[in-house]
Amino acid sequence: MKLEERYRILVKGKVQGVGFRPTIYRYAKNLGLKGYVCNTGSGVLIEIEGEKNKIEYFIERIRKSPPSKAEIKEIDIRKIDIKNEKDFFILKSKKEETREVEISPDIATCEKCLRELFNQKNRRYLFPFINCTDCGPRFTIVKKVPYDRKNTTMDEFIMCDTCQKEYKDVYSRRFHAQPNCCFTCGPTLKLFDNKGKEVAENVDAIKKGSELIKMGKILGIKGIGGYHLACDAENEKAVKFLRERKKRYGKPFALMARNLKVIEKFCYINNFEKKLLKSWQTPIVLLKKKNEILPYEIAPENNYLGFFLPYTPVHHLLFHFGKNLNVLVMTSGNFSEEPIIYEDEIAFKRLSGICDFFLTHNRKIYINCDDSVLRIFNKKIYFIRRSRGFVPSPVEIPYTYNKIIFSAGSDMKNTFSFTKSKNVYLSQHIGDLETELSIESYKKSINLFKNILEVEPEIIVCDMHPGYFSSKIAEEIFPDREKIYVQHHHSHITSCMADNFLKNEKVIGVAFDGTGYGLDGKIWGGEFLICDYENFERIGHLRYFPLPGEISIKEVWRIGTVYLYMVFGEDFLNLDIDFVKKIDMKKWGIIKKMVDNNINTFLNSSFGRFFDAVSSILSIREKIDYEGQAAIELEMKIEKNKNLKPYEYKINKEKTGYIIEPEMILKGITDDLKKGLKTGEISYRFHITVSEIIKDMCKILREERDINKVALSGGVFQNMFLLNDTLKKLKKEKFDVLIHNKVPVNDGGISLGQAVIGIFKKN
């Protein structure tokens with residue numbers, strides 16, 4: 001008789017809601033092993049009994065062949081006493097005082113479900129809510145853990161006998177698939193007009209919806225994490241209507257394509273981008289345009305299109321019935337950086353002026369979650385927005401900390417974070433905290449994360465800006481908790497360090513963005529720091545320039561006039577360039593008084609604002625319709641010319657540190673304008689000048705401080721030309737360069753940096 005043993009195995013990571021228990025059950029049964037498997041607050045718990053060699057093979061199969069959507073972080077194995085069990089069982093979830101389990105993000109419809117969706121013999125043929133253990137809604141329907149049906153918004157739908165049988169059959173693909181349902185027992189899809197009148201139901205609703213889109217109508221479509229506004233992207237008139245109704249005049253629209261072949265018609269796609277587009281996260285991927293076939297209004301003055309593929313059954317069905325539909329505009333159902341609208345009542349109330357019809361359903365979305373937006377840079381993910389498909393998966397850091405920290409994030413592109421052990425859990429993209437809806441979403445999301453992580457923060461970390469809504473809300477929600485206030489750009493750099501799993505050490509931090517509150521009360525944004533997780537030293541920055549009122553952030557021509565005024569004095573009005581000729585002299589008179597008398601002006605060292613100024617001086621963009629537009633269009637104009645050199649510039653050493661002087665750069669730009677050099681070539685010269693400044697400053701600081709590691713962070717580094725050119729120059733000088741990969745380079749990654757600073761401030 002062969003010797004039998006028994007082991008207790010705890011599998012940690014993303015192991016719930018991904019078909020882990022049935023996989024374990026099948027492995028155990030096939031090997032004739034005994035014991036049980038169950039979900040616990042710490043992960044998936046297995047007790048396994050049988051011949052030692054079979055148990056070893058069983059464990060090896062778990063390691064090498066887990067469910068496709070699982071992410072195993074740790075497997076703890078301990079030998080225990082034999083119990084002489086007769087079979088292998090799946091037990092009900094066990095509740096524990098502390099939980100370490102990770103909830104799965106929402107998962108795009110899998111290939112097996114798609115085959116069933118379009119199989120006329122299958123009972124779920126054309127069913128708009130088809131799902132299984134490998135796909136479907138997860139995060140957006142969860143109210144609390146463990147991930148059981150009663151703890152999701154599917155608790156309202158009672159499974160029919162057939163679905164219940166599948167749910168209990170361990171050999172079924174739908175074993176313990178919490179959103180499992182069918183036409184008999186699942187949610188109902190309906191089409192309404194914008195007056196609330198029902199037009200059609202279920203499959204007929206999708207057929208009619210598809211017809212309406214082809215007719216040029218705009219539909220509000222309820223997805224996994226909220227409502228999208230959809231129209232036929234090849235219908236120029238419909239796209240214009242959508243822009244006018246949404247009052248979104250410049251920001252590019254996201255596009256959903258029938259398949260990859262359709263995308264290849266309009267954009268260049270490499271293998272890394274293809275893999276990302278087809279991944280189960282199905283994010284919006286920014287791709288280089290191949291031509292101008294699609295209407296200009298989709299992405300005005302932009303060389304890129306944001307494409308993604310269908311990720312819900314409803315999306316696939318819309319294209320199935322819309323034989324002539326190949327590309328849909330599929331933009332978030334919201335207004336100006338607000339969270340995506342996800343509640344039916346609010347959608348009908350706020351979006352009825354935009355949408356002609358609504359394609360909606362009665363499966364509630366518990367929490368909003370917008371689409372993720374990213375691109376591939378150097379064969380890796382580079383986030384613009386981290387949300388659906390990636391949240392609530394954590395970012396692991398190289399430190400374990402027993403206290404729970406809540407970090408409030410920024411006011412722009414907000415995300416917040418909770419720490420738990422060695423993980424930082426970033427929220428989905430909330431947006432700008434300027435409206436009631438944004439603040440409501442922020443508060444509800446905080447409560448959800450507290451529930452699913454089962455945490456109560458002991459330390460609160462906020463930005464030191466005295467007017468930030470994120471800080472004020474955190475103070476309101478957690479009034480009696482210890483507060484730590486940290487500087488914005490320090491958070492940017494520590495975010496990049498943590499993103500790269502860097503242990504605590506000094507780095508040269510280059511933090512370039514639009515706005516951050518400085519230690520001196522001024523606006524920072526063109527910063528060179530020496531920092532680690534605990535402290536930072538501001539060692540250099542762009543020369544302070546006055547910002548004439550907050551209106552300048554939108555009317556960027558005002559910034560251009562002030563920059564020229566500070567360099568040339570009143571003589572700038574005699575410059576023979578188009579920008580000067582278009583200045584409203586009455587408004588300029590007011591701006592001059594503001595600057596001369598320091599009335600409602602703010603000193604800023606922001607490279608984001610400097611890019612705005614140059615964009616306006618080149619007559620590319622006078623006013624912006626969305627954040628970063630002037631700088632984006634400046635980048636889009638670049639025409640490379642290797643015969644052109646960077647502009648001359650100065651770096652002066654003063655008592656407060658190194659000061660980058662923009663005077664010679666601006667003189668060089670105006671000289672080029674007077675000579676008639678092409679706008680694109682001037683933009684090229686400006687960009688290579690900024691990367692040259694970064695390289696030279698880093699060389700100076702390496703020489704002084706003996707630090708060779710450089711971290712690049714802040715929204716300015718969403719500029720791919722600048723990032724690429726800077727990286728090349730720094731690597732040529734043998735610097736070790738850190739850039740973002742797991743969280744956004746913009747303010748969407750700030751909360752990660754805040755959280756890690758909080759750990760070190762308390763150690």
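Along the sequence shown, the residues carry numbers beginning at 1.
Of the candidates Val11, Ile59, Leu33, Val11 is the only one forming a side-chain contact (heavy atoms from CB on, under 4.5 Å) with Ile46. Here the options are Thr152, Ile452, Asp155, the test is side-chain contact (heavy atoms from CB on, under 4.5 Å), and the partner is Lys143; only Asp155 passes. When each of Arg173, Arg124, Arg123 is paired with Glu116, the side chain to side chain donor-acceptor pair (under 3.5 Å) condition holds for Arg173 and for no other.
Other residues, nucleotides and ligands contribute only 12 or fewer heavy atoms inside 6.0 Å of the CG atom of Asp161. More than 12 heavy atoms of other shown residues, nucleotides or ligands fall within 6.0 angstrom of atom NZ in Lys29. Crowding of Phe501 atom CZ: a count of heavy atoms from other residues, nucleotides or ligands under 6.0 Å exceeding 12.
Using the six-membered ring where Trp is involved, Phe127 and Phe129 have ring planes that are perpendicular, over 60° apart on the 30 and 60° scheme.
The nearest pair of heavy atoms linking Val314 to Leu189 is CG2-CD1, 4.2 Å. Between Asn368 and Ser445, the closest heavy-atom pair is OD1-OG, 4.4 Å. When all heavy atoms are compared, the tightest approach of Ile72 to Phe20 is CD1-CZ, 4.0 Å. Contact record, Gly748 with Leu426: O-CD2, 3.9 Å, taken as the closest heavy-atom pair. Listed here is the closest heavy atom pair of Lys144 and Asn451: CB-CB, 4.4 Å. Of all heavy-atom pairs spanning Gln754 and Cys462, the tightest one is NE2-C, 4.0 Å.
Within the model, atoms CD1 of Ile24 and SG of Cys38 stand 11.5 Å from one another, a figure rounded to the nearest 0.5 Å. Taken to the nearest 0.5 Å, the NE2 atom of His320 stands 11.5 Å off from the CG atom of Leu114. Atom CD1 in Ile130 sits 9.0 Å away from atom CZ in Phe183 (nearest 0.5 Å). Taking NZ from Lys742 and CZ from Phe390, the interatomic distance works out to 12.5 Å, rounded to the nearest 0.5 Å. Separation of atoms CG (Asp169) and NE2 (His176) is listed at 10.5 Å; rounding is to 0.5 Å. Atom-to-atom distance recorded for Glu482:CD and Ile405:CD1 is 9.5 Å, nearest 0.5 angstrom.
Side-chain contact, Tyr442 with Glu440: no donor N or O sits under 3.5 Å from an acceptor N or O. Residues Ser372 and Gln281 have side chains that never bring a donor and an acceptor to within less than 3.5 angstrom of each other. Residues Arg386 and His429 have side chains that never bring a donor and an acceptor to within less than 3.5 angstrom of each other. Side-chain N/O atoms of Tyr227 and Asn334 include no donor and acceptor closer than 3.5 Å. With 3.5 Å as the limit, one finds no donor-acceptor pair spanning the side chains of Ser751 and Ser407. Checked by atom type, the side-chain pair Arg388/Thr282 shows a donor-acceptor distance below 3.5 Å.
Within the 3.5 Å criterion, the main-chain N or O of Ile284 finds no donor-acceptor partner in the side chain of Asp371. No donor-acceptor pair under 3.5 Å is formed between the side chain of Arg481 and the backbone N or O of Ala474. Without hydrogens or angle criteria, Lys444 side chain to Tyr366 main chain gives a donor-acceptor distance under 3.5 Å. In this structure, Arg174 contributes its side chain and Cys132 its backbone to no donor-acceptor pair below 3.5 Å. Using a distance-only test at 3.5 Å, with no hydrogens or angles considered, no donor-acceptor pair links the side chain of Ser441 to the main chain of Leu437. A donor-acceptor pair is defined here as one N or O able to donate and one able to accept, closer than 3.5 Å; such a pair exists between the side chain of Lys34 and the backbone of Gly32. For Arg6 (side chain) and Glu47 (main-chain N/O), no donor-acceptor pair under 3.5 Å exists by modelled atom type. Looking only at distances, a side-chain donor or acceptor of Asp106 sits under 3.5 Å from a matching main-chain atom of Arg138. Without hydrogens or angle criteria, Ser470 side chain to Gly409 main chain gives a donor-acceptor distance under 3.5 Å.
Judged by the 6.0 Å distance and 45° axis criteria, Arg26 is not positioned over the aromatic ring of Phe88. Remark: Arg61 is positioned above the aromatic ring of Tyr27, its terminal NZ or CZ atom under 6.0 angstrom from the ring centre and at most 45 degrees off the axis.
Here Lys79 pairs with Glu5 in a salt bridge; the nearest charged N to carboxylate O distance falls below 4.0 Å. The existence of a salt bridge linking Lys364 and Glu156 is confirmed by a sub-4.0 Å separation between a basic side-chain nitrogen and an acidic carboxylate oxygen. For Lys83 and Glu49, the salt-bridge test fails: no basic side-chain N is under 4.0 Å from an acidic carboxylate O. Taking 4.0 Å as the cut-off between side-chain N and carboxylate O, Asp370 and Arg385 count as a salt-bridged pair. Using a cutoff of 4.0 Å between basic side-chain nitrogens and carboxylate oxygens, Asp344 and Lys222 are scored as salt-bridged. Ionic pairing of Lys443 and Glu476 is present here: one or more N-O contacts between side-chain nitrogen and carboxylate oxygen are shorter than 4.0 angstrom. Ion pair Lys12/Glu71 not flagged as a salt bridge, since none of the NZ, NE, NH1 or NH2 atoms sits closer than 4.0 Å to an Asp/Glu carboxylate oxygen.
Residues Phe175 and Tyr25 place their aromatic rings such that the two centres sit no closer than 6.0 Å. Remark: aromatic rings of His740 and Phe383 are distant, center separation not under 6.0 Å. Remark: aromatic rings of Phe319 and His315 are distant, center separation not under 6.0 Å. A centroid separation of less than 6.0 Å is found between the aromatic rings of Phe449 and Phe416.
Side-chain contact between Ile484 and Ile459 is present, with heavy atoms from C-beta onward closer than 4.5 Å. Looking only at side-chain heavy atoms (C-beta outward), Pro283 and Val285 come within less than 4.5 Å of each other. Using a 4.5 Å heavy-atom cutoff, the side chains of Leu502 and Tyr533 are in contact.
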